[in-house]
Amino acid sequence: MSKNRVSRRQFLNYTLMGVGGFMAAGMMMPMVRFAVDPVLKAGAEGDFIATKVKVADITNEPQRVDFNFDQKDAWYESEVTGTAWVYKNENGEIIALSPVCKHLGCTVDWNADKKNPNMFFCPCHYGLYEKDGTNVPGTPPLAPLDVYPHQEKDGILYLGKAQPRGGA
């Protein structure tokens with residue numbers, strides 16, 4: 001027998017503390033998992049989305065390309081349609097521009113303003129962009145249009161998530 005005997009009070013105290021700690025851990029695990037799980041979940045940020053456009057059909061004139069992708073907002077999942085302006089530059093490289101104006105988020109259109117032909121035009125506040133997406137100084141947009149990274153697979157154009165470019 002040990003010289004240090006545990007009294008009934010100490011035994012009950014240790015037992016209740018152990019059971020209480022076990023129950024608290026059981027209640028905390030779902031909360032911890034709820035907080036940590038989204039951080040550990042692999043995202044789809046690097047994914048490229050297939051469009052219906054063949055790379056061979058892209059010309060030097062910007063054309064509107066629509067593409068669909070699944071978007072998940074918390075518990076709600078929906079199919080969203082995205083848009084890009086796609087063309088080939090003088091070097092034959094594919095350029096994919098976002099249609100979202102950098103001023104207030106309106107949608108720009110190619111060659112829509114008769115006073116400014118061969119430019120992207122924002123009808124909300126008369127913003128202008130050059131063909132390469134750079135903003136025209138003196139018009140409301142303060143930054144160039146965002147650019148979509150792109151890939152070609154089996155002759156089809158794939159677009160990534162739009163990325164901002166440098167200043168004016």
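In this text, all values refer to a predicted model and were calculated from it rather than measured experimentally.
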Between Lys131 and Asn60 (side chain of the first, backbone of the second, donor and acceptor by atom type, cut-off under 3.5 Å), is there such a pair? yes
Test item: Tyr129 side-chain N/O and Pro141 main-chain N/O as donor-acceptor pair under 3.5 Å: no
As a test of understanding, state which of Phe48, Phe67, Tyr158, Trp85 forms a ring-ring contact (aromatic ring centres under 6.0 Å, His included) with Tyr148. Phe67
More than 12 foreign heavy atoms under 6.0 Å from NZ of Lys153: is that the case here? yes
For Asn118 and Asn111: C-alpha separation, side-chain torsions, deciding distance, then whether side chain to side chain contact (heavy atoms under 4.5 Å, CB included) applies. CA-CA 5 Å; Asn118 297 326; Asn111 215 4; 3.7 Å; yes
Run the side chain to side chain contact (heavy atoms under 4.5 Å, CB included) test on Leu159 and Ile49 for me, step by step, so that the C-alpha distance in whole Å, both residues' side-chain angles and the decisive distance to 0.1 Å come before the verdict. CA-CA 5 Å; Leu159 297 176; Ile49 300 162; 5.5 Å; no
Validation row: Val147, Leu97 side chains within 4.5 angstrom (heavy atoms): yes
Pair Arg64 + Asp109, salt bridge at N-O below 4.0 Å: no
Asp70, CG atom: more than 12 neighbouring heavy atoms under 6.0 Å: yes
Report yes if the side chains of Val53 and Gln63 come closer than 4.5 Å at any heavy-atom pair, otherwise no. yes
Partner of Asp146 under side chain to side chain donor-acceptor pair (under 3.5 Å), chosen from Lys102, Arg165, Lys161, Gln163: Lys102
Taking less than 2.5 Å as the test, are the sulfur gamma atoms of Cys101 and Cys122 close enough? no
Flag side-chain contact, heavy atom, 4.5 Å: Tyr126 against Phe121: yes
Between Asp132, Val108, Asn135, Thr134, which is the residue that forms a side-chain contact (heavy atoms from CB on, under 4.5 Å) with Leu145? Val108
